[in-house]
Amino acid sequence: MNEITLKANAKINLSLDVVGKFDDGYHSLKTIMLEIPLFDIVTVEKTPSEIALSSSLSRLPLGEKNTARRAAVKFFEMAGLSGGARIHIEKNIPVGSGLGGGSADAAAVLSGLNKVYGEPLSKTALLAAALEIGADVPFCLTGGACLATGRGEELTPLAPMPPAFIVLAKPNFSVSTRRVFQGLSLEQIKTRPDTRGMLKALENGDLVGISVRLYNVLEGVTAKMHQEIEQYKDIFLDSGAIGSVMSGSGPSVFGIFKNGAPAKKAGEKLSEITSEVFVLKV
Ligand code: C5P
């Protein structure tokens with residue numbers, strides 16, 4: 001096999017707590033992550049040398065900082081191979097949105113290259129490579145629903161999300177994850193997510209129990225910089241969402257609905273103020 005095409009799914013954080021800080025400045029998390037059916041399509045082809053990267057989105061930076069390129073470099077380094085790769089990303093996940101698009105692409109490149117090169121890396125080695133690319137990449141390799149702790153690499157698989165409609169909206173701006181984390185003062189966190197209650201609700205397939213517990217300690221930091229976060233949440237809740245919260249460091253906000261009709265209506269309302277809106281059935 002010389003070529004493989006993979007789906008690179010986005011994620012949302014049903015809850016996100018920051019519980020400490022490591023010496024290198026990274027934060028220690030306790031977050032419940034969920035893979036969602038919004039995905040980039042990543043094609044990885046084995047070539048004799050060099051890494052050639054292309055994308056359907058002309059404004060996507062393809063240089064050394066690109067997570068897919070970094071994942072390919074890391075793969076060859078860890079596998080001790082001297083080959084190359086042609087990588088193409090069909091971009092559907094909004095960029096800089098808190099939905100883990102760059103991380104999903106990196107995870108797809110790691111597993112795609114491992115497949116076309118005959119699996120030189122074990123699952124454990126792939127997860128280690130993933131963490132070096134970014135905190136969300138190990139989850140993107142794993143998928144499903146997981147409790148993620150540490151920097152995001154300690155993963156406990158959870159029961160799947162009960163059937164629901166999830167509507168996502170990304171405001172027309174992006175935020176820097178680094179800046180949002182820098183803006184968080186651990187001592188000033190007054191409210192935290194009920195992670196234990198959320199885990200129980202997931203275990204019981206209790207959609208209302210999950211939706212009323214949506215909480216993200218980073219939301220306040222991003223919302224202070226951008227009033228749109230509150231505005232979007234209000235639109236979701238006014239449209240009949242059971243709960244609504246910002247994902248990751250933002251600025252995407254999502255709402256959870258039991259039924260399709262109000263979900264669709266919320267999507268239409270939000271489409272009047274932003275171009276990137278997705279109504280998903282999970
Ligand atoms: O790992 P990733 O590239 O997604 O992280 C981007 C930035 O977010 C990091 O440089 C760091 O400033 C911050 N971050 C953090 N703690 C985490 C994950 C990310 O402080 N667990």
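Inter-residue side-chain proximity for Leu280 and Val167 is flagged as unmet; no heavy-atom pair is nearer than 4.5 Å. The closest side-chain heavy-atom distance from Leu199 to Leu158 is below 4.5 Å. Considering only heavy atoms from C-beta on, Lys258 comes within 4.5 Å of Ile242 through its side chain. Side-chain atoms of Pro251 and Ile229, non-hydrogen and from C-beta on, do get closer than 4.5 Å to each other. Side-chain atoms of Asn66 and Pro61, non-hydrogen and from C-beta on, never get closer than 4.5 Å to each other. Here the side chains of Ser211 and Val208 are not in contact, with every heavy-atom distance at 4.5 Å or above. Within the 4.5 Å cutoff, side-chain heavy atoms of Leu81 are placed close to those of Pro120. A 4.5 Å side-chain heavy-atom check between Thr31 and Phe139 finds every atom pair outside the cut-off.
Asn13 and Lys11 form a side-chain donor-acceptor contact under 3.5 Å, judged by distance and modelled atom types alone. Side-chain atoms of Thr5 and Thr43 form a donor-acceptor pair, as typed in the model, at a separation below 3.5 Å. Side-chain contact of Glu187 with Ser185: a donor-acceptor pair under 3.5 Å is present, judged by distance alone.
A donor-acceptor pair under 3.5 Å is formed between the side chain of Asn9 and the backbone N or O of Ile36. For the pair Asp194 (side chain) and Arg213 (backbone), a donor-acceptor distance under 3.5 Å is absent. Side-chain atoms of Asn114 come within 3.5 Å of backbone N or O of Leu121 as a donor-acceptor pair. With hydrogens and angles ignored, the 3.5 Å screen pairs no side-chain donor or acceptor of Ser252 with any backbone N or O of Gly98. Checking side-chain atoms of Arg70 against main-chain N and O of Glu132 turns up a donor-acceptor pair under 3.5 Å. In terms of modelled atom types and a separation under 3.5 Å, the side chain of Ser55 and the main chain of Leu57 share a donor-acceptor contact. Under the 3.5 Å distance criterion, the side-chain polar atoms of Ser56 are left unmatched by any main-chain donor or acceptor of Glu90. Side chain of Ser244 to backbone of Phe236: no donor-acceptor contact under 3.5 angstrom is found. Listed for the Ser97 side chain is no donor-acceptor partner under 3.5 Å among the backbone atoms of Ile93. Between the side chain of Thr222 and the backbone N or O of Ser249 there is at least one donor-acceptor pair closer than 3.5 Å.
Between Phe75 and Tyr117, the angle of the ring planes lies from 30° to 60°, which puts this pair in the tilted group.
One finds the CD atom of Glu272 at 8.5 Å from the CD atom of Glu268 (value rounded to the nearest 0.5 Å). Taking CG of Leu110 as the start and NZ of Lys115 as the end, the distance is 11.5 Å to the nearest 0.5 Å. Note that the NZ atom of Lys265 and the CG atom of Asp238 stand 10.5 Å from one another [nearest 0.5 Å]. In this structure, the separation between CG on Asp17 and OG1 on Thr149 is 11.5 Å, given to the nearest 0.5 Å. With values rounded to the nearest 0.5 angstrom, Phe181 atom CZ is found 10.0 Å from Leu186 atom CG. Note that CZ of Arg86 and CD of Glu45 are 4.5 Å apart. Values are rounded to the nearest 0.5 Å.
Other residues, nucleotides and ligands contribute over 12 non-hydrogen atoms within 6.0 Å of the NZ atom of Lys91. Residue Asp23 places its CG atom among 12 or fewer non-hydrogen atoms of other residues, nucleotides or ligands, all under 6.0 Å distant. Heavy atoms of other residues, nucleotides or ligands lying less than 6.0 angstrom from NZ of Lys264 number 12 at most. By the 6.0 Å contact criterion, CZ on Arg179 is open, its count of non-hydrogen atoms from other residues, nucleotides or ligands being 12 or less.
Across Val137 and Ala130, no two heavy atoms sit closer than the pair CB-O, 3.3 Å. The heavy-atom pair separating Phe165 from Gly260 by the smallest distance is CE1-N, 3.2 Å. Of all heavy-atom pairs between Cys140 and Ala107, the closest is CB-CB, 3.6 Å. When all heavy atoms of Leu53 and Ala68 are compared, the closest pair comes out as CD1-CB, 4.2 Å. Of all non-hydrogen atoms in Met161 and Leu202, the two that sit nearest each other are CA-CD2, 4.0 Å. Heavy atoms only, all atoms of each residue included: Leu184 and Val217 are closest at CD1-O, 3.7 Å.
Salt-bridge formation is detected for the pair Lys233/Glu219: a Lys NZ or Arg NE/NH1/NH2 atom is positioned less than 4.0 Å from an Asp or Glu carboxylate oxygen. Electrostatic pairing of Lys74 and Glu77 counts as a salt bridge here, judged by a charged N lying under 4.0 Å from a carboxylate O. In summary, Lys200 and Asp206 do not engage in a salt bridge, as defined by a charged side-chain N under 4.0 Å from a carboxylate O.
Val180 and Val19 fall into different hydrophobic clusters, where Ile, Leu, Val, Met, Phe, Trp and Tyr side chains are chained together by heavy-atom contacts under 4.5 Å. Linking ILVMFWY side-chain heavy atoms closer than 4.5 Å, directly or via other members, places Ile166 and Ile32 in a single hydrophobic cluster. Ile235 is not connected to Phe254 by any chain of hydrophobic side-chain contacts under 4.5 Å among Ile, Leu, Val, Met, Phe, Trp and Tyr, and they are in different clusters. Leu34 and Leu207 fall within a single hydrophobic cluster, where Ile, Leu, Val, Met, Phe, Trp and Tyr are joined by side-chain heavy atoms under 4.5 Å apart, directly or via other members. In the hydrophobic clustering of this structure, Leu126 groups with Val42; members are Ile, Leu, Val, Met, Phe, Trp, Tyr whose side-chain heavy atoms approach within less than 4.5 Å, directly or through other members.
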In sequence, state the C-alpha distance, the side-chain angles, and the governing distance for Val18 and Ser28, and then conclude on side-chain contact (heavy atoms from CB on, under 4.5 Å). CA-CA 6 Å; Val18 179; Ser28 170; over 6 Å; no
Please determine whether side-chain contact (heavy atoms from CB on, under 4.5 Å) holds for the pair Ile51 and Ile87, giving the CA-CA distance in whole Å, both sets of side-chain angles, and the decisive distance to 0.1 Å. CA-CA 8 Å; Ile51 294 158; Ile87 300 163; 4.2 Å; yes
Take Thr274 and Tyr232 through the side-chain contact (heavy atoms from CB on, under 4.5 Å) test and state the conclusion after the steps. CA-CA 10 Å; Thr274 187; Tyr232 281 39; 3.2 Å; yes
side-chain contact (heavy atoms from CB on, under 4.5 Å) for Arg192 and Tyr215? Distances and angles first, verdict last. CA-CA 7 Å; Arg192 294 184 178 275; Tyr215 195 81; 5.7 Å; no
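Taking the centre and axis of the six-membered ring of Phe22, the NZ or CZ atom of Arg151 falls inside the cone set by 45° and 6.0 Å.
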